[in-house]
Amino acid sequence: MLCFLEEPRQLDILRASPDLIGSAIEEVVRFRSPGQVMFRQTTRHVELHGRSIPADQFVLLMIGSANRDPAFFPDPNRFDVRRTPNPHIGFGHGIHACLGAALARTEARVALPHLLSRFRRFELATPEPWEPREALHVHGPLALPLRVEWATVRAS
Ligand code: HEM
């Protein structure tokens, strides 16, 4: 909801082409990765991009930064529901990649179209800008109060 509040033009594109829901969800996870950082521990000495990391070291993986790497994402600071390819690592990578990724994607595919069809318009309900939650791990707004204009829902 935050991505679409900030980029109403992208919301218009998604409303006009609902088939973009899958790619829009991937772009949300890339652009506002809830997991900004992850840890690993080296089991052996590693050479990476000209740097040496000794064995048995804690390594901080900057997922949020990787997801805006211009070498992989043209115009990386642009939220683009049509972005393709979108090789983000918002759900991690390798044998510890997110076990709940399929569930998270399914929840978003169900919830987002419902919200968008129920809300004709929505805006931030507070005069202040949104506040990020203080977090090492899961990032996002502390709260996101919305003022919404309901769409007429026909009884089935
Ligand atoms: C948008 C929602 C979610 C995001 C962005 C997310 C992101 C992540 C990330 C970045 C990791 C670390 C992957 C790595 O170390 O390479 C992870 C791990 C994990 N996630 Fe999620 N996750 C989400 C939802 C969920 C849900 C809904 C569940 C469970 C129902 C879940 C369960 C797990 C588990 C169990 C792991 C640890 C896997 C392992 O260490 O082998 N996640 N997730």
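From a predicted model like this one, the values you see are computed outputs, not experimental measurements. Order of appearance sets the numbers: ligands from 1, and atoms from 1 within every ligand.
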Q: Show which atoms of ligand 1 fall inside a sub-4.0 Å distance from at least one heavy-atom site of His93.
A: 16 (O)
Q: Ignoring hydrogens, what is the shortest heavy-atom contact between Phe4 and Ala24? Give both atom names and the distance.
A: CZ-CB, 4.3 Å
Q: Give the numbers and elements of all ligand 1 atoms closer than 4.0 Å to a heavy atom of Ala104.
A: 1 (C), 2 (C), 24 (C)
Q: With a heavy-atom distance limit of 4.0 Å, tell me whether Ile63 approaches ligand 1 through its side chain, its backbone, both, or neither.
A: side chain
Q: Which value, rounded to the nearest 0.5 Å, describes the distance between Leu146 atom CG and Trp130 atom CH2?
A: 13.0 Å
Q: Whether the side chain of Ser33 engages the backbone of Gly64 through a donor-acceptor N/O pair (distance < 3.5 Å, no angle test) should be reported.
A: no
Q: Considering all heavy atoms of both residues, which atom of Leu14 and which atom of Ile21 are nearest to each other, and what is their separation?
A: CD1-N, 3.7 Å
Q: Does ligand 1 come near enough to His96 that some N or O of the ligand is less than 3.5 Å from an N or O of the residue?
A: yes
Q: Do Arg105 side-chain atoms and Ile25 backbone N/O form a donor-acceptor pair below 3.5 Å?
A: no
Q: Would you say the side-chain atoms of Arg83 pair up with the backbone N or O of Arg78, donor to acceptor, closer than 3.5 Å?
A: yes
Q: Indicate yes or no for a side-chain donor-acceptor contact from Asn67 to the backbone of Ile89 under 3.5 Å, with no hydrogens or angles considered.
A: yes
Q: Which protein non-hydrogen atom lies closest to atom 6 (C) of ligand 1, naming both residue and atom, and how far is it?
A: Phe91 CD2, 3.6 Å
Q: Once you round to the nearest 0.5 Å, how far does CG of Asp80 lie from CD of Glu7?
A: 9.5 Å
Q: Within the distance-only criterion (no hydrogens, no angle test), does the side chain of Arg32 pair as donor or acceptor with the backbone N or O of His139 below 3.5 angstrom?
A: no
Q: As an exercise, identify every atom of ligand 1 less than 4.0 angstrom from a heavy atom of Gly90.
A: 5 (C), 7 (C), 10 (C)
Q: Does ligand 1 have a heavy atom under 4.0 Å from the side chain of Leu99, from its backbone, from both, or from neither?
A: both
Q: So is Gly92 touching ligand 1 or not, going by heavy atoms under 4.0 Å?
A: yes
Q: Which option, Cys98, Ala108, Ala97, Gly94, owns the non-hydrogen atom nearest atom 43 (N) of ligand 1?
A: Cys98
Q: Looking only at protein heavy atoms, which one is nearest to atom 26 (C) of ligand 1, and how far off is it?
A: Gly100 CA, 3.6 Å
Q: Please list, in number order, the atoms of ligand 1 under 4.0 Å from a heavy atom of Leu103.
A: 30 (C)
Q: Report yes or no: does a heavy atom of Arg40 sit under 4.0 Å from some atom of ligand 1?
A: yes
Q: Relative to the heavy atoms of Pro34, which atoms of ligand 1 are at a distance of less than 4.0 Å?
A: 5 (C)
Q: Which heavy atom of the protein is the closest neighbour of atom 12 (C) of ligand 1, given with residue, atom name and distance?
A: Met38 CE, 3.3 Å
